[in-house]
Each structure stands twice: as structure tokens, then as C-alpha cells.
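Shown next, in C-alpha cells, is the structure this report addresses.
Basis for what follows: all heavy atoms, side chains included, without hydrogens, waters or symmetry-related copies.
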Protein chains: 2
Amino acid sequence: MSSPAKKVDLRRARGEDTRVLILDAARDALAEDGYARTTTRAIADRADVQLSLVHYHFRGKQHLLAEVLKRENERLLERQRALFAGPETLAEKWRTACAYLSEDLRSGYVRILWELWAVGLADEELAGHWRDAIAGWRNLLTGVAEEWKAELDFDLPISPRALATLVGNAFLGAEAEILAGVTEQEAPHVAALESIGELIDWAERRSRDDDR
Amino acid sequence: MSSPAKKVDLRRARGEDTRVLILDAARDALAEDGYARTTTRAIADRADVQLSLVHYHFRGKQHLLAEVLKRENERLLERQRALFAGPETLAEKWRTACAYLSEDLRSGYVRILWELWAVGLADEELAGHWRDAIAGWRNLLTGVAEEWKAELDFDLPISPRALATLVGNAFLGAEAEILAGVTEQEAPHVAALESIGELIDWAERRSRDDDR
DNA sequence: TTATTAATCGGTCAACCGACCAATCTTCTC
DNA sequence: GAGAAGATTGGTCGGTTGACCGATTAATAA
């Protein structure tokens, strides 16, 4: 068992390593310097790799960035799925989700998401990847909203789909403003999102009261 | 009165005309082609003007775009102020505001706003102008929310400031998604925003009921 | 050993952009 | 009408970018 008939092509393994190296470098470059300063050369420098390797492993800048978006998004989407699958109340989960926002702002993921949104303005293919990424979040939110509505004993004056869209858009808008440099002092972005948690509490209390 | 002693320097008047010509061209270029394709040359071509005039009248690309943003934003902000100063109920005004969104999407203003937001990611000065533009909308919304809360007979479970931020962000998020090509079919952006109008109705009915 | 494939290297290329400038034309002032 | 001020012209320049390519090295397969 210690030496199974594993056929690892050392060349391919090495290649895969550089691939990851380049992906990480591209992610860091986007998060720290933004797209404008993220040239294929800057990425190659960061990865300490020859420029042509970027074109060898990925077909070019466009495809590289698309993979960066996909990888980072799936990672965080998985975390979010795990959160909402947990046993806590929705209000508690919501508060955690708000905490994640601050975390993702610090880590640079939010900036990556929006830098690539901006690229999508002039690059329909990348815009498509961005839509795919966001669709993941929207589907998750919609599922949560539907479950929640089913649990409540009274009718919400808004459909779960519209509610999920509204809440998701509020998140996106807050991210955009924060990235533009609008401070929490000028506009209470996070505080406003957290207050949604209180609205959830309020609705659930009302639902419990109806039970009595 | 028909011929007052007005000293119009024809040179300056001519200059002012070309200024407007360039501003209009820059606006149209941004709205139709996006920032990536909006070069100073493209603007000069559109305005049918020599390239160097762009640098003569404006100090450069950056300052030109800043003025485009300011001009267009003030125009639409004025329209919105007039709307909310009107005699209709808030719910009615809200529906008009939602209709304005579709109009501004068609006219290209929304795209201009967001193309310049994207530029602001790498240009702190322009980001500042963007924040100024948005602050106008936020102040307007906050004022509306405060008035509305004062008229209601029961306490909203959220502060007017947070409410205005939330609603404003929902608008921004919807705009960003629409610009990225997310269709109304995939996510009911406008429908979700319009449903806020129904929430307003609901709250006002509740307020009237309390009066009895 | 030989032949084949994968990965890497160093360098080149055409295209484009914003900024800049010297010369020229137009209008106003005195 | 001379000279000044404002507006416009045509052209250039340095710098950057993404893409591309032929040659080279390393690893596998025959």
C-alpha cells in the first residue's frame, strides 16, 4: 500500500503547482492592487514565474481571471451553505452572515468580486461568470427565504423570491458603497444589514405569539 | 430689454459651446460604449473636435469624467427632489421612482454612474466625486424616511437612517446586477423594489387603522 | 538509447493610450 | 489697426499592455 501503482507524472504535478501559484498571485494582485494594476506581468512577478507561463497554463488574462472568480466564490459559497444548514435560528445565522461580510472585506474577496464585475462591463464572457457566481448566492438566499416563510404562521407581504432578491441586492449595494470609500459613519451599511436580523426576530416573535 | 448691455465675449461663448459639446460626447460615449472604449480620442471624434481641445478645456480625462458625473447626477437628482416634494402619497411616489429606474437604465445614466464607480476603484479622486453624487441621493432618501416615520402612528422597528441606507443599497445592488446582465426573469429586481411600495401601503393602512 | 511530450525561458511585437507642444486662427481691447 | 487673449489645429512622444514565438530543459515512454 505504501507504493501503489500511482502514475504521477512529475511534470504534470509541477505544472499543477505553478498553476496554483499563478492563481494565488492573481487573486492577491486583484485584492491588493485592483484590476487596473493587475497586469499579466504583475501576476507573473508575484508568482515568481515567467510571463509566458501565464499564457501557457491559462489561455490568457481573461480565462485566468475567470478561474480566480470561480475558485474564490465557490470557497465562500460553501462556507455560507454550511452556515445556513446549521441548527441556529435564522436571526442568529443572519448575524453571522453580517460578520462574514466584514471578514470578506478584510480578506479582499469582496474587492475581487467587484473588480471582476467592473471588468464584466466590457467583457461579456466574464460578465457571464460573474452572473454565475452571484446566482449561487441568490439561489442560496431564495432557499432560505422559502424555508423561513413556510415556518412562519402568517403571510409575509412579499414573495420569498422577491425578498431574497431585495436582501441580496442590499448586500451588493452595501459592498459597492464600502468599496467606493463611503464610511460607516456616513451611511450605516453594516448596521442597516444587521437590523434585518431584528426584523427577522420581530417576525418570529409575532409567529410565536400567533401560536398561543 | 431685447438688447441689454450684455458683453458676450464671442471667444468665450465659442469655447463654452465646445465645452458642452465635449461633455455631451463624453456622456454618450460612456453610456453607449463604456469606459474601456471611452478614450479621449473617441470623445474628440464624437464631438467632432480636435483631441487637444479635450485637454485644453478640461485638464485631462479625469477631470472631464468628473464633470460628466456631476452634471448628469444633478440633473436627475433635481427630478427626484421634485417628485418627493409632490402631493402624492409616498406609495405613489415610490412607484414613480421605480419607473424612473427603468428610464435611467434606458437613457444610459445608470451605466455612466457605474462605469465611473468602477474607475473610482483605481482613482481616489473620482471615487470622491462618486461618493458626493451618491450622498445626494442618500440625503434625499433619509429626509423622506424621516418625514414618513414622523407621520406614522406606530414605531418602525428600524431607524429612518438605516432604512434609507437599506433601501438605497437595494437600489444600487439592483442596478449593478442589471448592468451585469442579470435578467428580470432570473431575479425580479424591479418587481422586488416595487414591492417596497406595497410595504409602504401596508404600513400606512396599519397607521390609519390605529387612528380609529 | 531514442523519441515524444510537458513545462519553462527570454525576448519581441503591434497596438493603443493620455499627455503634451509649437504654430495658427479668431475675436476682443485699446 | 495693432497687439493681446482665447481657442483651435496637427502632430509627436514616452510608456504600457496582452499576445505571441522559437529555443531549451526536464520527464516519460518506447
Side-chain angles (χ1 to χ4, degrees), chain A residues 3 5-23 25-26 29-30 33-68 115-116 118-126, chain B residues 5-26 29-30 33-68 115-116 118-119 121-123 125-126:
Chain A
S3 65
K6 52 177 174 182
K7 290 205 167 189
V8 228
D9 190 327
L10 286 189
R11 293 173 306 181
R12 289 198 123 89
R14 192 160 135 77
E16 185 55 33
D17 285 351
T18 21
R19 244 186 93 90
V20 173
L21 224 56
I22 293 172
L23 274 173
L30 272 177
D33 305 330
Y35 177 79
R37 275 183 266 276
T38 299
T39 66
T40 49
R41 282 168 226 273
I43 295 172
D45 282 350
R46 262 181 190 271
D48 202 28
V49 136
Q50 204 64 19
L51 168 63
S52 33
L53 280 184
V54 175
H55 287 89
Y56 177 80
H57 285 286
F58 307 86
R59 275 182 282 173
K61 193 183 184 182
Q62 192 195 41
H63 293 277
L64 168 58
L65 296 184
E67 292 214 29
V68 168
E115 291 276 356
L116 294 182
V119 179
L121 282 173
D123 180 345
E124 174 50 33
E125 200 174 323
L126 191 51
Chain B
K6 51 177 172 183
K7 292 206 168 190
V8 225
D9 190 328
L10 284 190
R11 295 173 305 182
R12 288 198 122 91
R14 190 157 135 82
E16 186 55 32
D17 284 351
T18 24
R19 245 187 91 91
V20 173
L21 225 56
I22 294 172
L23 274 173
D24 288 347
L30 272 177
D33 304 330
Y35 177 79
R37 275 184 266 276
T38 298
T39 66
T40 50
R41 281 168 227 273
I43 295 171
D45 281 352
R46 262 182 191 270
D48 202 30
V49 136
Q50 205 66 15
L51 169 62
S52 27
L53 278 185
V54 175
H55 287 90
Y56 177 80
H57 284 286
F58 306 87
R59 275 181 283 172
K61 193 183 185 182
Q62 192 196 44
H63 293 276
L64 168 58
L65 296 184
E67 292 214 30
V68 169
E115 291 276 355
L116 295 182
V119 178
L121 282 173
D123 179 344
E125 199 173 325
L126 191 52

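Nucleotide D/dT17 holds its P atom 11 Å from the CG atom of A/Asp45, rounded to whole Å. Atom P of nucleotide D/dC20 and atom NZ of A/Lys61 are separated by 15 Å, given to the nearest angstrom. Rounded to an integer number of Å, the gap from A/Asp17 CG to C/dT8 C1' is 14 Å. When the P atom of C/dT8 is taken as reference, atom CZ of A/Phe58 falls 11 Å away, rounded to whole Å. Here the P atom of nucleotide D/dT17 and the CD1 atom of A/Ile43 are 11 Å apart, to the nearest Å.
Distance CG/A/Leu64 to CD/A/Gln62: 10.5 Å, rounded to 0.5 Å. In this structure, the separation between CG on A/Leu126 and CG on A/Leu121 is 10.0 Å, given to the nearest 0.5 Å.
Between B/Leu30 and B/Leu65, the closest side-chain pair of non-hydrogen atoms falls below 4.5 Å.
When A/Thr38, A/Leu23, A/Ile43 are each tested for a side chain to side chain contact (heavy atoms under 4.5 Å, CB included) with A/Val68, only one passes: A/Leu23. A salt bridge (Lys or Arg N to Asp or Glu O under 4.0 Å) with A/Glu67 is found for exactly one of A/Arg19, A/Lys61, A/Arg59, namely A/Arg19.
Terminal axes of the helix from C/dA3-D/dT28 to C/dC30-D/dG1 (five pairs each, C1' rotation axis) are separated by 0°, to the nearest 10°.
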Using nucleotides 3-10 of chain D, report all nitrogen or oxygen pairs with the protein that are shorter than 3.5 Å.
{"residue": "D/dA5", "atom": "N3", "partner": "B/Arg11", "partner atom": "NH1", "Å": "2.9"}
{"residue": "D/dA7", "atom": "OP2", "partner": "B/Tyr56", "partner atom": "OH", "Å": "3.0"}
{"residue": "D/dT8", "atom": "OP1", "partner": "B/Thr18", "partner atom": "OG1", "Å": "3.2"}
{"residue": "D/dT8", "atom": "OP2", "partner": "B/Thr18", "partner atom": "OG1", "Å": "3.1"}
{"residue": "D/dT8", "atom": "OP2", "partner": "B/His57", "partner atom": "NE2", "Å": "2.7"}
{"residue": "D/dG10", "atom": "OP2", "partner": "B/Gln50", "partner atom": "OE1", "Å": "2.9"}
{"residue": "D/dG10", "atom": "OP2", "partner": "B/Gln50", "partner atom": "NE2", "Å": "3.4"}
{"residue": "D/dG10", "atom": "N7", "partner": "B/Gln50", "partner atom": "NE2", "Å": "3.3"}
{"residue": "D/dG10", "atom": "O6", "partner": "B/Ser52", "partner atom": "OG", "Å": "2.6"}

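Residues from residues 33-42 of chain B with heavy atoms under 4.0 angstrom of DNA chain D: there are none.
For the OP1/OP2 pair of C/dC20 and a distance below 4.0 Å, the side-chain nitrogens and oxygens of B/His55 include no atom meeting the criterion.
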